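Could you have a look at this structure, given as C-alpha cells, before my questions?
The model shown is predicted, which means the values in this text are computed figures rather than measured ones.
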Amino acid sequence: MAKAFTTLDDVAKVAGMSRAQVSRALRGDPGVRPETRQRIDDIAAQLNYRPNLAARSLVSSRSSIVGLIIGDPNNPFHIQLAQAVDRCLLASGFDAITSLRSVQDGEVLQEVERLLSLRAAGVILLGTAHNPRVIGEIADKLPCVFIGSKRVTHPQVVSIAVDDYNGVRLAMDHLLALGHTRIAHLAGGLEPSSKERANAYCRVMREAGLEPLVLRGRHNAAFGREGVDRLFARESPPTAILASNDFIALGVLDRLKGMGLSVPNDVSVVGFDDIPDAANALFSLTTLRQDTDAQAQMAVQALQTILGGNSKRKRRIDMDVTLIERSSTGAPASR
C-alpha cells in the first residue's frame with residue numbers, strides 16, 4: 001500500500017496551530033515571528049512534509065510549474081539541453097515537470113493536457129511537436145516556447161533556434177581550407193534541422209564548384225555506421241564527412257576505425273552539437289558547438305516575458321554556433 005503524503009493539516013495538528021498560521025510560516029511570511037517559523041520548519045522536516053504545488057497554484061492563481069517536453073530522449077544533445085533548461089528553470093523559481101514520452105505529436109498533446117490538469121504556468125517544447133499546427137494548438141492552451149529549427153508562425157509562440165546555415169558554412173569553410181573537395185554529408189532525415197543543414201551544405205558545395213553528396217537517414221549512431229558503408233562502397237569515396245549531428249559522427253568514427261581507416265589521415269569527420277563525448281580523447285571530434293546554457297537561459301527568459309504579458313517580445317531568437325577544432329580533421333592524403 002502506498003504511503004500517504006503528509007498534509008498541511010498534519011503539520012498544523014502537531015504544531016498545535018491553525019492551518020492558516022502554519023501556511024503563512026512555511027511561506028516565509030514576514031509577519032510570523034522567526035522562532036515560530038523555525039519551529040514550524042522543524043516540524044515539517046520531521047514529518048517529511050512537502051508542499052503540494054498544484055494545490056498552491058489553485059489557491060494563489062499562480063503556478064510555479066513549467067512543463068519541459070523532450071522530443072527525442074535518445075539524442076544525447078536533447079538530454080544535455082534539457083538538463084540546462086531544468087537548471088535555469090530552478091534558478092528562476094520554477095518547478096519543472098519533464099516528459100520523455102513525447103516522440104509523436106499525439107503524445108505531446110497528451111502531456112500538455114496533463115500539464116493543464118496540474119495548473120502549469122507554461123511549457124517549453126524541445127524539438128517537438130513536429131507539426132507547426134500542433135505547436136499552435138498548444139500555444140492556444142499554455143504559454144509556449146519552442147526550441148528547435150522549425151519555423152513557427154503562431155503569434156503566441158517564441159522560438160529559440162540555432163543558426164544552422166552559418167554553422168554548416170563554418171564547418172565547410174574549414175574543410176575546404178584544408179584542401180578537401182570530396183566532402184559527403186550524412187543528413188538526419190526529415191527534421192527541420194536536418195533539412196536546414198543539408199541545404200546549407202549543398203549551397204556551399206555548389207558555390208565552390210563541387211558536386212554535393214547527401215545521404216539521408218536518422219540522427220543516430222547506427223546511421224553513421226551505415227552511411228560509411230554506403231560511401232565507401234563507391235568508386236571514389238569522400239575524404240571528409242560532415243555529419244548532421246555528433247551522434248551520427250560518433251557512428252562514423254566507429255565504423256571507420258573498424259574498417260582500419262585513420263582519422264584524419266584517411267578521412268576527416270565533423271559533427272554538430274558538441275555533446276560531452278565529442279571532447280573525449282577517444283573521439284576528439286571537430287564539431288559545431290551549440291551553447292546549451294545560453295539557449296536554456298533564452299528559453300526561460302522568453303517564457304517569463306510571455307507570462308509577464310509583454311506584447312513586444314521577439315517571436316524568434318537565433319543562436320550562434322562555434323566551430324570547435326579537434327583532431328578528427330586534417331588535410332586530405334593524396335589519392
For Pro132 and Lys150, which heavy atoms make the closest approach, and how far apart are they?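 Closest heavy-atom pair between Pro132 and Lys150: CG-CD, 3.8 Å.
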Could you go through Thr287 and Asp246, starting from their C-alpha distance and side-chain angles, then the distance that decides it, and tell me whether this counts as side-chain hydrogen bond (donor to acceptor under 3.5 Å, both in side chains)? CA-CA 7 Å; Thr287 187; Asp246 287 349; 2.6 Å; yes
Can Asn280 and Asp277 be counted as having a side-chain donor-acceptor contact under 3.5 angstrom?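 No, because no side-chain N or O of Asn280 sits under 3.5 Å from a partner of the opposite role on Asp277.
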Give a yes or no on whether a salt bridge exists between Asp41 and Arg39, defined as a side-chain N under 4.0 angstrom from a carboxylate O.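 No, no charged N to carboxylate O under 4.0 Å.
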Without swapping roles, check the side chain of Ser23 against the backbone of Arg19 for a donor-acceptor pair under 3.5 Å.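 Not confirmed, Ser23 side chain does not pair with Arg19 backbone.
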Are Ile275 and Leu242 in one and the same hydrophobic cluster, where Ile, Leu, Val, Met, Phe, Trp and Tyr link if side-chain heavy atoms are under 4.5 Å apart?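 Yes, it is one cluster - the side chains of Ile275 and Leu242 are joined through contacts under 4.5 Å.
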What I'd like to find out is whether the side chain of Leu175 reaches to under 4.5 Å of the side chain of Val270, using heavy atoms alone.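 They are in side-chain contact.
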Hey, could you give me the CZ/CZ distance between Phe146 and Arg316, rounded to the nearest 0.5 Å?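 So the gap between those two atoms works out to 9.5 Å.
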Donor-acceptor side-chain pairing of Gln38 and Asp42 below 3.5 angstrom: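 Checked: Gln38/Asp42 side chains pair up, N/O donor to acceptor below 3.5 Å.
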Is Lys141 salt-bridged to Glu113, cutoff N-O under 4.0 Å?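 Answer for the salt bridge query: yes.
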Decide if atom CZ of Arg234 counts as having more than 12 heavy atoms of other residues, nucleotides or ligands within a radius under 6.0 Å.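 Open.
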Do Val263 and Ser328 come within less than 4.5 Å of each other through their side chains, counting heavy atoms only?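 Yes. Closest side-chain heavy atoms under 4.5 Å.
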Please check if Met259 and Phe223 belong to a single hydrophobic cluster, counting links between Ile, Leu, Val, Met, Phe, Trp and Tyr side chain heavy atoms closer than 4.5 Å.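 Yes, it is one cluster - the side chains of Met259 and Phe223 are joined through contacts under 4.5 Å.
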Show your working on side chain to side chain contact (heavy atoms under 4.5 Å, CB included) between Val321 and Phe272 and close with a plain yes or no. CA-CA 9 Å; Val321 296; Phe272 201 119; 4.3 Å; yes
Straight-line distance of Leu89 CG to Gln304 CD, nearest 0.5 Å: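 Rounded to the nearest 0.5 Å, the CG-CD separation comes out at 8.5 Å.
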Steps toward side-chain hydrogen bond (donor to acceptor under 3.5 Å, both in side chains) verdict (Ser244, His219): CA-CA 7 Å; Ser244 187; His219 269 149; 2.9 Å; yes
Heavy-atom side-chain proximity of His78 to Pro73 below 4.5 angstrom: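 The answer is no, as the side chains (C-beta and beyond) never meet within the 4.5 Å cut-off.
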Mind running side chain to side chain contact (heavy atoms under 4.5 Å, CB included) on His174 and Leu323 for me, showing each step along the way? CA-CA 9 Å; His174 171 62; Leu323 178 68; 3.7 Å; yes
Working to the nearest 0.5 angstrom, can you tell me the gap between Leu68 CG and Leu126 CG?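 So the CG of Leu68 and the CG of Leu126 are separated by 6.0 Å.
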Decide yes or no on side-chain hydrogen bond (donor to acceptor under 3.5 Å, both in side chains) for Ser327 and Ser284, but give the supporting numbers first. CA-CA 6 Å; Ser327 61; Ser284 191; 2.7 Å; yes
Nearest heavy-atom pair of Ser193 and Asp164: which atoms, and what distance?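 Taking Ser193 first and Asp164 second, the nearest heavy atoms are CA-OD2, 4.0 Å.
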Taking every non-hydrogen atom, the tightest pair across Phe94 and Val66: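 Minimum heavy-atom separation between Phe94 and Val66: CD2-CG2, 3.5 Å.
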Check whether Tyr165 and Ile317 end up in the same hydrophobic cluster, where Ile, Leu, Val, Met, Phe, Trp and Tyr are linked by side-chain heavy atoms less than 4.5 Å apart.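 No, no single cluster joins them.
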Are more than 12 heavy atoms, taken from residues, nucleotides or ligands other than Arg326, located less than 6.0 Å from that residue's CZ atom?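 Buried by this count: over 12 neighbours within 6.0 Å.
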Side-chain (His180) to main-chain (Arg182) donor-acceptor, under 3.5 angstrom: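 It does not hold such a pair.
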Check for a donor-acceptor pair, side chain of Asn245 on one end and backbone N or O of Ile248 on the other, with a separation under 3.5 Å.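 Flag set: sc Asn245 to bb Ile248 pair under 3.5 Å.
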If you count heavy atoms of other groups shown closer than 6.0 angstrom to CE of Met205, is the number above 12?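 Enclosed: over 12 neighbouring heavy atoms sit under 6.0 Å from CE of Met205.
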Any chance you could lay out the side chain to side chain contact (heavy atoms under 4.5 Å, CB included) test for Ile69 and Val112, step after step, and finish with the verdict? CA-CA 9 Å; Ile69 301 180; Val112 168; 4.1 Å; yes
For the pair His185 (side chain) and Arg216 (backbone), establish whether a donor and an acceptor sit closer than 3.5 Å, ignoring hydrogens and angles.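 Such a contact is absent between His185 side chain and Arg216 backbone.
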Side-chain heavy atoms nearer than 4.5 Å, only ILVMFWY residues, links allowed to pass through others: does that put Ile147 and Leu307 together?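 Yes, Ile147 connects to Leu307 through the hydrophobic network.
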Atom OG1 in Thr181, atom CD in Glu211: separation rounded to 0.5 Å?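 Reported value, rounded in 0.5 Å steps: 12.5 Å.
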Looking at every non-hydrogen atom in both residues, tell me the closest pair between Glu207 and Arg169 and how far apart they are.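 So the two residues come closest at OE1-NH2, 2.8 Å.
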Heavy-atom closest pair, residues Ala208 and Leu176: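 Scanning both residues completely, I find the closest heavy atoms to be CB-CD1, 4.2 Å.
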With a 4.5 Å limit on heavy-atom distance, are the side chains of Leu47 and Ile43 in contact?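 Answer yes - side chains close enough.
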Contact between Val252 and Leu186 at the side-chain level, heavy atoms closer than 4.5 Å - yes or no?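 Counting from C-beta outward, Val252 and Leu186 do come under 4.5 Å.
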Distance-only, no hydrogens or angles: does the Arg255 side chain make a donor-acceptor pair with backbone N or O of Gly224 under 3.5 Å?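 No; zero donor-acceptor contacts below 3.5 Å.
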Closest non-hydrogen atom pair between Ile241 and Leu231, with its separation: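 Taking every non-hydrogen atom into account, CD1-CD1, 3.9 Å.
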SB check Lys195 Glu191 (cutoff 4.0 Å):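 Answer for the salt bridge query: no.
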Decide, yes or no, whether a salt bridge links Arg289 with Asp273 under the criterion of side-chain N to carboxylate O below 4.0 Å.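 The answer is no: the pair does not qualify as a salt bridge.
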Is there a side-chain contact between Val85 and Thr98 (heavy atoms, below 4.5 Å)?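 When only atoms from C-beta onward are counted, Thr98 and Val85 do not touch, as no gap falls below 4.5 Å.
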So how far is it from Asp140 CG to Ile138 CD1, rounded to the nearest 0.5 Å?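 Interatomic distance, Asp140 CG to Ile138 CD1, rounded to 0.5 Å: 10.0 Å.
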Return yes if a side-chain donor-acceptor contact under 3.5 Å exists between Thr329 and Ser268, otherwise no.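 Looking only at side-chain atoms, Ser268 and Thr329 do not form any donor-acceptor pair under 3.5 Å.
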Would you say the side chain of Val269 lies within less than 4.5 Å of the side chain of Thr286, judging by non-hydrogen atoms?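 Contact flag for Thr286/Val269 side chains = no.
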Met17 and Thr36, any side-chain heavy atoms less than 4.5 Å apart: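 The answer is yes, as the side chains (C-beta and beyond) meet within the 4.5 Å cut-off.
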Hey, any chance Met319 and Leu303 share a hydrophobic cluster, counting ILVMFWY side chains that come within less than 4.5 Å of each other, even indirectly?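 Same cluster: Met319 reaches Leu303 through Ile, Leu, Val, Met, Phe, Trp or Tyr contacts under 4.5 Å.
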Cut-off 3.5 Å, side chains only: do Ser18 and Gln21 have a donor facing an acceptor?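 Per modelled atom types, Ser18 and Gln21 side chains form a pair under 3.5 Å.
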Donor-acceptor pair, side chain of Asp105 and main chain of His130, under 3.5 angstrom: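 Confirmed, Asp105 side chain pairs with His130 backbone.
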Any chance you could lay out the side-chain hydrogen bond (donor to acceptor under 3.5 Å, both in side chains) test for Tyr201 and Arg197, step after step, and finish with the verdict? CA-CA 6 Å; Tyr201 156 82; Arg197 294 168 195 179; over 6 Å; no
From Ile160 CD1 over to Ile124 CD1, what is the distance, rounded to the nearest 0.5 angstrom?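 Interatomic distance, Ile160 CD1 to Ile124 CD1, rounded to 0.5 Å: 8.5 Å.
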Report the C-alpha separation of Leu142 and Leu115 in whole Å, then their side-chain angles, then the decisive distance to 0.1 Å, and conclude whether the side chain to side chain contact (heavy atoms under 4.5 Å, CB included) test is met. CA-CA 9 Å; Leu142 269 177; Leu115 292 171; 4.1 Å; yes
